[in-house]
Amino acid sequence: MAQLRAAVTRDGPGSPAADLVEFLHDTNEEFTRLWELHEVGLHWSDTKRFVHPEIGRLDLYCQLLLEPDQGQSLLIFTATPGTEDEEKLALLKVLGLEKFTVATE
C-alpha cells in the first residue's frame with residue numbers, strides 16, 4: 001500500500017497508479033478502508049508462510065529490495081539455516097516443475 005501511495009504522489013492524477021487507486025476505491029470496500037488509514041510504513045522484511053502440494057508448509061523469511069528510480073522491487077525468500085524449512089527449500093530446487101501423481105493399487 002505504501003508503494004502505491006508513493007507512486008500516486010510521485011506520478012500524480014491521471015497516472016496508472018492513480019487510476020488503479022480510483023478503480024480499487026470504486027470496487028473494493030476493504031481497499032478503501034485500508035487506504036483511509038493512511039499507513040505509510042514499509043516492511044522491508046517479514047516471515048511468509050507457503051504450503052506446497054508435495055513438501056508441505058514452508059515458513060520463509062521475505063526481504064524486499066527496492067529500486068525507486070526504476071519503480072522496481074524484488075522479493076527474496078530464504079529459510080533459516082539448519083531448519084526443516086531450509087531442507088524443504090533445497091528440495092524444491094530438485095523438484096522444480098515436476099508433477100507427481102499418487103499411485104493407486
Side-chain angles (χ1 to χ4, degrees):
M1 185 90 49
Q3 291 175 349
L4 181 56
R5 197 176 293 279
V8 171
T9 301
R10 180 186 63 237
D11 301 338
S15 67
D19 291 345
L20 176 60
V21 169
E22 183 178 342
F23 171 77
L24 290 171
H25 273 302
D26 292 344
T27 61
N28 189 307
E29 291 178 18
E30 183 179 10
F31 174 84
T32 300
R33 183 180 59 76
L34 293 171
W35 187 263
E36 289 173 356
L37 290 174
H38 200 78
E39 293 181 352
V40 294
L42 289 174
H43 293 278
W44 300 104
S45 62
D46 203 358
T47 301
K48 305 284 184 195
R49 177 169 291 160
F50 299 91
V51 179
H52 189 276
E54 276 82 31
I55 63 170
R57 188 178 102 184
L58 286 146
D59 292 317
L60 301 177
Y61 182 71
C62 174
Q63 189 173 15
L64 171 65
L65 303 178
L66 292 177
E67 172 36 73
D69 293 337
Q70 299 297 319
Q72 298 178 354
S73 59
L74 175 66
L75 293 175
I76 299 174
F77 295 97
T78 56
T80 302
T83 64
E84 183 180 351
D85 292 317
E86 182 182 42
E87 293 172 11
K88 288 179 178 181
L89 193 57
L91 182 58
L92 276 178
K93 293 178 189 177
V94 177
L95 292 178
L97 299 175
E98 295 294 324
K99 298 285 184 189
F100 293 90
T101 59
V102 177
T104 57
E105 295 183 54

Problem set entry | V51 with I55, same ILVMFWY side-chain cluster at under 4.5 Å |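 V51 does not cluster with I55.
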Exercise. What pair of heavy atoms forms the shortest contact from L64 to S73, and how long is it?
Worked result: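 Answer, listing the atom of L64 first, then S73: CD1-CB, 3.7 Å.
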For this session: Check A18 against G12 and note the closest heavy-atom contact, atom names and distance.
Result: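 For A18 versus G12, the nearest heavy atoms are CB-O, 3.5 Å.
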For this session: Indicate yes or no: does K88 engage E84 in a salt bridge with an N to O separation below 4.0 Å.
Result: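 Here K88 pairs with E84 in a salt bridge, since their nearest N and O are under 4.0 Å apart.
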Enter the distance from [X]:[atom1] to [Y]:[atom2] here, rounded to the nearest 0.5 Å.
| X | Y | atom1 | atom2 | answer |
| --- | --- | --- | --- | --- |
| E29 | L34 | CD | CG | 12.0 Å |
| R49 | L58 | CZ | CG | 10.5 Å |
| D85 | F77 | CG | CZ | 13.0 Å |
| K48 | L60 | NZ | CG | 11.0 Å |
| D26 | T32 | CG | OG1 | 8.0 Å |
| T9 | L4 | OG1 | CG | 9.5 Å |

Exercise. Would a distance-only check, ignoring hydrogens and angles, find a side-chain to backbone donor-acceptor pair under 3.5 Å from R5 to W35?
Worked result: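 At least one qualifying donor-acceptor pair exists.
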Exercise. Between the side chain of T83 and the main-chain N/O of E86, is any donor-acceptor distance below 3.5 Å?
Worked result: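 Judged by distance alone, yes, a pair lies under 3.5 Å.
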Are any non-hydrogen side-chain atoms of [X] and [Y] less than 4.5 angstrom apart?
| X | Y | answer |
| --- | --- | --- |
| E22 | H25 | no |
| T78 | Q63 | no |
| Y61 | I76 | no |

Exercise. Taking atom CZ of F23 as the centre, does the number of heavy atoms from other residues, nucleotides or ligands within less than 6.0 Å exceed 12?
Worked result: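 No, because the 6.0 Å sphere around CZ of F23 holds 12 heavy atoms or fewer from other groups.
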